[in-house]
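Notes follow once the structure below has been shown.
Order of listing sets the numbers, starting from 1, for every ligand and every atom in it. Quantities reported herein were computed from a predicted structural model and do not represent experimental measurements. The chain is numbered in sequence order, starting from 1.
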Amino acid sequence: MDIPYWNKEIETADRATLEKIQLERLRKTISSAIRSPFYKRMLGEVGISSGDDIKSLNDLRRIPFTTKDDLRKSFPKGMMAVDMEQVVRIHSSSGTTGIPTVIYFSMEDIKNWTDLLARCIVSTGATSKDVFQNMMTYGLFTGGLGLHYGAEAVGMTIIPIGGGNTKRQIKVMKDFQTTVLHITPSYLLHIHSKLGDVGISRDELAISKAFVGAEPHSENTRLKIQELLNIDAYNSYGLSELNGPGVAFECVYKKDMHVWEDAYIVEIIDSETGEVLEDGREGEVVLTNLVRHAMPILRYKTRDLAFLHPDKCECGRTHRRLSRILGRTDDMLIINGVNVFPSQIEEKIMQIPEVGTNYQIHVDKKGSLDRLTVKVEIYPKLFMGEASQLDALKNRIKEELRSSIVINAVVELHEPGALPVSEGKAQRVVDQRSKL
Ligand code: AMP
Ligand code: ZN
């Protein structure tokens, strides 16, 4: 097979060269990071005052982990390492509100990120001849703009349609003979189920590839997508804290995702002990930025569980491959690509005076899409009131939730005592999405 590369030299560099680049860039990154109040304090505590204190890659282990909580506590500027004047873009994590995290990019950072995405795109065999329908949300979420810039660098014809509006998406796919999609796997399956409603058949479409990511999905889901739509689906992994998409991406061989190791140091750790695990062992993914200077993040605990493949990929790239994301170390739910913490839901519903103390969060599938149902117990006297009052309350809860978690939840009101109570730790979340 003729293997396509964006930057062959770097993508196939031997380990020694990669490690040399990593060390140089780590030093530079630390010198940038230390300009932020957060890292000045953290690095100072472990006796690091500049990049020069890093003598080998092993010295990375002297640095404590950074967590999402650190990002929240440093909001808005505690991790910013440059003057605002040098910042050309701000992104923020999905799930949003209440607990914001923000990432700053300089012009150079955007250039570097774009380059990584161009590599990802080209590694799947996509080219400037492709018509690229970017169905990920544009805006503060990194998915839309991230891939957009990469696709532009490759010279693809971009349709920056963003998320939602299924009928229009399908029509646009047909009108412009889209060849490559960027989309969440659940939404792609939903799109497939709606083709008939729009009166457009698969044969009228030119799609040949999809970049799917932003949410967990199994190999079987990928196979289902490929079979139903007769396309190749490539797994795409990233998180806003580390830029967004472009951290790891599958190449034409589709045997898990190359992590761009000249741009990120990837470690897999035992989340309990912090011990760094060898390749092949499953643990928490920890990432360090090497090419972002407006806000570098060192040793970020992603909470994602995966392992690194110890063997080489047939494509010739030397950058190690990360497995599919196998789970999370926390209780974060990903609902149609949007991150939601059960605590965000609890905080909102408990602010509503009519709501009692017991509630449950259900997640299941409606067709291919995820459905969130929030069941709440309300005080007894409310049940004796008018049905219209109950409807109004339901809508109010729904609106409150929508403003907080950006998801349309189904709200069910229950009489006191109707929801199961557990004697031990309350089981608030029931996730019934089948592990396809
Ligand atoms: P966000 O910061 O909103 O981009 O969300 C990032 C999180 O989404 C990651 O930490 C993962 O938990 C999840 N995620 C992103 N891409 C994938 C993927 N390809 N497979 C599984 N989970 C993913
Ligand atoms: Zn490969």
Under 4.0 Å to a heavy atom of Tyr237 - the qualifying atoms of ligand 1, by number: 16 (N), 17 (C), 19 (N)
Heavy-atom donor-acceptor pair, Ser92 side chain to Thr101 backbone, under 3.5 Å: yes
Which side-chain N or O atoms in residues 151-168 pair as donor and acceptor under 3.5 Å with protein atoms at least two apart or in another chain?
from, atom 1, to, atom 2, distance (Å)
Glu152, OE2, His148, NE2, 3.4
Thr166, OG1, Tyr187, OH, 2.9

Selection residues 315-333 - residue pairs positive for salt bridge (charged side-chain N to carboxylate O under 4.0 Å, His left out), sequence neighbours left out: Glu11-Arg317, Glu219-Arg324, Glu261-Arg320, Asp279-Arg320, Asp304-Arg328, Asp311-Arg321, Arg328-Asp330
Any side-chain donor near an acceptor of the partner, Tyr253 and Glu314, under 3.5 Å: no
Non-neighbouring partners of Glu346 that pass side-chain contact (heavy atoms from CB on, under 4.5 Å), sequence neighbours left out: Met350, Tyr359
Ligand 1 contacted by Gly244 (non-hydrogen, < 4.0 Å): no
Plane angle bin for Phe132 and Phe211 - parallel if under 30°, tilted between 30 and 60°, otherwise perpendicular: tilted
Whether Arg328 lies under 4.0 Å from ligand 1, heavy atom: yes
Stacked cation flag Arg292 on Tyr300, 6.0 angstrom / 45 deg: no
For the Zn ion (ligand 2), every protein N/O/S atom that sits closer than 2.8 Å, waters excluded: Cys251 SG, His258 NE2, Cys313 SG, Cys315 SG
Ligand 1 to Asn235 polar contact by distance, N or O atoms, under 3.5 Å: yes
Gly238, Ala306, Gly213: member with heavy atom nearest to atom 15 (C) of ligand 1: Gly238
Asp304, Leu239, Ile334: member with heavy atom nearest to atom 10 (O) of ligand 1: Asp304
Under 4.0 Å to a heavy atom of Phe141 - the qualifying atoms of ligand 1, by number: 3 (O), 4 (O)
Parallel, tilted or perpendicular: ring planes of Trp113 versus Phe105, cut at 30 and 60 degrees: parallel
Exam field: side chain Glu282 to backbone Phe307, donor-acceptor pair closer than 3.5 Å: no
Passing option when Leu401 is tested against Val406, Ile349, Asn408 for side-chain contact (heavy atoms from CB on, under 4.5 Å): Ile349
Option with minimal heavy-atom separation from atom 1 (P) of ligand 1, where the choices are Ser240, Ser236, Ser92, Gly143: Ser240
